[in-house]
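I'd like to ask some things about the structure below.
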Amino acid sequence: MAVRHAGRLAWALTGIDLDVAPGERVLVTGASGAGKSTLFAALAGLLDPEAAEVTGELAVDGEPPAAARDRLGLLMQDPDAQLVMTRAGDDVAFGLENAGLPPEVIWPRVDDALAAVGWRYGRDRPTQALSGGEKQRLVLAGALARRPGLLLLDEPTAQLDPAGAAVVREAVARVVVARGTTLLVVDHDAAPWLPLVDRVVEVREGGLVEHPPGWAPVPRAAGLVLPAATAGPARLGAEQAGFTYRGTTTPALRPTSLQLHASTVTAVTGPNGTGKSTLALLLAGLRAPTTGAVRAAPELAVRGERRPHRWRAGDLVTRIGTVFQQPEHQFLTGRLRDELELGPLRSGSGSATARARAEELLERLGLAPFADANPFTLSGGQQRRLSVATALATAPAVLVLDEPTFGQDAATWRELVTLLAEQRAAGCAVAAVTHDRDLVDVLADAEVGL
């Protein structure tokens with residue numbers, strides 16, 4: 001099988017030969033952008049014939065994938081793309097209702113699926129109030145509730161805290177063992193899945209490579225040497241800053257204090273739903289705290305104003321660079337090169353300087369072959385690297401990064417970490433919201449747990 005997306009000269013997948021037996025469990029690995037998510041979309045029957053050219057044979061239970069959709073469960077890399085209802089319970093029930101099951105069957109299944117993924121809220125929890133990791137759990141519950149014969153999981157633990165990731169793996173293990181479910185799972189954190197799967201295949205250019213029994217990934221931080229830095233003065237601080245959404249009484253972020261110092265990386269860690277992404281938005285000046293304050297150092301003030309949420313966009317972009325939890329929410333142009341030039345041009349850099357910086361970042365992060373592509377056609381891991389690159393492009397004094405290493409293979413992870421270490425050595429104050437323990441261990445100078 002081979003797949004080529006509309007508008008692309010290069011094939012996203014080529015030479016894919018994969019035969020999975022009923023009840024078999026397969027871990028799918030491969031470099032960021034290798035085509036793993038495209039493979040899963042093809043298996044789920046989600047590739048639009050007008051948007052993708054597919055050659056070769058592809059079948060699920062001997063039928064075209066689109067005809068077998070009612071027998072498979074899918075967790076996509078971006079959980080937002082699968083949420084369809086405003087309440088958690090209704091979202092899990094959606095697929096069961098479409099299948100015509102009666103209410104007396106639907107709701108026990110919904111409750112069982114929510115319990116399996118460690119859901120800590122009731123059915124009535126608004127989906128718009130969920131963190132990225134909580135959305136990921138909810139979509140997985142929806143897939144499990146259908147009791148599929150084939151389960152396709154694309155990065156099912158990428159946005160989860162370590163305890164939550166363990167709960168999800170245990171839930172998946174229980175389901176596939178108890179029901180004989182066929183499982184294909186993509187995860188860059190491969191090691192925890194090895195006891196569950198029967199084999200490991202790697203997507204490479206030109207086809208699949210099967211790894212032998214006992215295969216284990218090389219630790220991505222092994223031998224990594226990063227430039228050192230000496231902590232400097234405080235650049236940005238939160239003073240009992242908290243946030244409560246309008247119409248709710250439960251704070252999304254309880255009052256929190258921290259200081260971001262020059263030449264220092266501060267990791268913000270903690271379970272899903274504790275407000276880490278909300279804190280990132282406050283530090284980045286994209287939301288005003290409802291309690292407390294966020295203030296920049298006097299030397300970063302704009303006409304005497306030290307509160308970043310009061311700054312204009314042009315002032316903000318040169319002072320605080322931001323990476324959102326969902327990278328596609330910050331893309332503004334139709335080409336990668338334009339995306340990386342936009343910030344420097346808005347901050348007053350000349351076109352030659354902006355172009356040179358864009359080309360450097362494209363090359364460093366393995367995105368040069370896609371310089372003229374639309375950002376929305378990239379894989380999740382590639383989009384994450386692009387979002388980090390846009391934050392770096394203006395060389396801001398402060399970086400606020402939400403899950404900066406999401407979806408990365410070992411090589412791209414090392415390059416991202418090295419780039420961030422270089423920013424630290426150059427005097428930047430970095431805050432990184434993360435569940436990535438390797439990132440914390442090798443790069444963080446301070447850790448704030450929520």
Side-chain angles (χ1 to χ4, degrees), residues 27-37 77-78 132-133 136 154-162 165 185-194 200 202-205 211 215-228 265-269 276 321 323-327 336 360-370 378-392 399-425 428 430-445 447:
L27 174 65
V28 182
T29 70
S32 174
K36 304 181 296 298
S37 295
Q77 197 172 44
D78 178 10
Q136 200 165 30
D154 192 352
E155 297 276 6
T157 64
Q159 298 188 50
L160 299 179
D161 57 78
V185 57
V186 168
D187 206 318
H188 286 294
D189 188 11
W193 290 99
L194 295 179
V200 180
E202 181 180 353
V203 180
R204 294 184 182 176
E205 185 175 354
H211 290 287
W215 172 86
V218 176
R220 54 189 178 179
L224 184 63
V225 178
L226 302 174
V265 174
T266 301
V268 179
T269 61
K276 299 184 299 299
V323 168
F324 295 170
Q325 188 176 47
Q326 302 297 335
L336 270 69
E360 175 194 359
L361 289 167
L362 288 167
E363 192 65 38
R364 287 285 303 270
L365 293 173
L367 297 172
F370 311 102
L378 300 178
S379 73
Q382 291 168 331
Q383 287 185 344
R384 170 55 73 214
R385 299 203 299 279
L386 176 61
S387 67
V388 173
T390 60
L392 298 178
L399 283 170
V400 179
L401 314 172
D402 198 341
E403 297 288 1
T405 55
F406 168 86
Q408 303 308 310
D409 59 71
T412 56
W413 184 89
R414 291 166 68 91
E415 189 60 40
L416 273 175
V417 171
T418 300
L419 267 172
L420 295 180
E422 291 172 359
Q423 296 301 305
R424 176 180 64 180
C428 187
V430 182
V433 170
T434 186
H435 293 302
D436 184 345
R437 199 67 233 173
D438 288 342
L439 176 67
V440 177
D441 291 343
V442 304
L443 190 62
D445 304 291
E447 182 174 355

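Counting begins at 1 with the first residue of the sequence. For clarity, every value in this text was computed on a predicted model and none was experimentally measured.
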**Asked** Does the side chain of Thr405 come under 3.5 Å of the side chain of Gln408 through a donor N or O and an acceptor N or O?
**Response**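 Gln408 and Thr405 do not have a side-chain donor-acceptor pair below 3.5 Å.
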
**Item:** Smallest separation among heavy atoms of Thr269 and Glu447, with atom names
**Value:** OG1-OE2, 2.9 Å

**Request:** Begin from the C-alpha positions of Thr412 and Leu365 and carry the test side-chain contact (heavy atoms from CB on, under 4.5 Å) through to its verdict.
**Result:** CA-CA 7 Å; Thr412 56; Leu365 293 173; over 6 Å; no

**Request:** Rounded to the nearest 0.5 Å, what's the gap from CZ on Arg385 to CG on Leu367? Could you check?
**Result:**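 The distance works out to 5.0 Å.
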
**Message:** Show the nearest heavy-atom pair for residues Pro404 and Val388, with the distance to one decimal.
**Reply:**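 In this case the closest contact between Pro404 and Val388 is O-CG2, 3.9 Å.
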
**Prompt:** How many angstroms lie between OG in Ser387 and CD in Gln325, if you round to the nearest 0.5 Å?
**Reply:**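 Reported value, rounded in 0.5 Å steps: 11.5 Å.
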
**Message:** Looking at Gln382, is its backbone amide N or carbonyl O close enough to the side chain of Ser379 to form a donor-acceptor pair, meaning the two atoms are under 3.5 Å apart?
**Reply:** yes

**Asked** Looking only at heavy atoms, what is the nearest atom pair of Leu160 and Gly133, with distance?
**Response**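 Of all heavy-atom pairs spanning Leu160 and Gly133, the closest is CD2-O, 3.2 Å.
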
**Atom of His188, atom of Gly407 and distance for their closest heavy-atom approach** = NE2-O, 3.2 Å

**Request:** Flag the pair Asp409 and Lys36 as a salt bridge only when some basic side-chain nitrogen lies within less than 4.0 angstrom of an acidic carboxylate oxygen.
**Result:** no

**Arg384 side-chain N/O to Glu403 backbone N/O, donor-acceptor pair under 3.5 Å** =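 Pair found, side chain donor or acceptor close to backbone of Glu403.
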
**Asked** Do Trp413 and Asp438 get their side chains close enough for a donor-acceptor pair, meaning under 3.5 Å?
**Response**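 There is no such pair (donor and acceptor under 3.5 Å, judged by atom type) between the side chains of Trp413 and Asp438.
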
**Prompt:** Is there a donor-acceptor pair closer than 3.5 Å between any side-chain N or O of Arg220 and the backbone N or O of Arg414?
**Reply:** no

**Message:** To the closest 0.5 Å, what do you measure between OG1 (Thr434) and CD (Gln159)?
**Reply:** 11.5 Å

**Request:** Begin from the C-alpha positions of Val400 and Val433 and carry the test side-chain contact (heavy atoms from CB on, under 4.5 Å) through to its verdict.
**Result:** CA-CA 8 Å; Val400 179; Val433 170; 5.9 Å; no

**Request:** Measure from the side-chain N and O atoms of Asp402 to the backbone N and O of Val323, and report whether any donor-acceptor pair falls under 3.5 Å.
**Result:** no

**Request:** Before giving the answer on side-chain contact (heavy atoms from CB on, under 4.5 Å), spell out for Gln77 and Gln383 the whole-Å C-alpha distance, their side-chain angles and the decisive distance to 0.1 Å.
**Result:** CA-CA 12 Å; Gln77 197 172 44; Gln383 287 185 344; over 6 Å; no

**Message:** Once rounded to the nearest 0.5 Å, what's the spacing between atom CG of Leu443 and atom CZ of Arg424?
**Reply:**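 It comes to 5.0 Å.
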
**Prompt:** Which heavy-atom pair separates Pro156 from Val186 by the least distance, and what is that distance?
**Reply:** CD-O, 3.3 Å

**Prompt:** How long is the gap from OG1 on Thr390 to CG on Leu361, to the nearest 0.5 Å?
**Reply:** 9.5 Å

**Request:** Supply the atom-to-atom distance His435 NE2 to Asp161 CG, rounded to the nearest 0.5 angstrom.
**Result:** 5.5 Å

**Prompt:** For Trp215 and Leu194, which heavy atoms make the closest approach, and how far apart are they?
**Reply:**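 Result for this residue pair: O-CD1, 3.4 Å.
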
**Asked** Does the side-chain contact (heavy atoms from CB on, under 4.5 Å) test come out yes or no for Leu392 and Leu419, once each step is laid out?
**Response** CA-CA 9 Å; Leu392 298 178; Leu419 267 172; 4.1 Å; yes

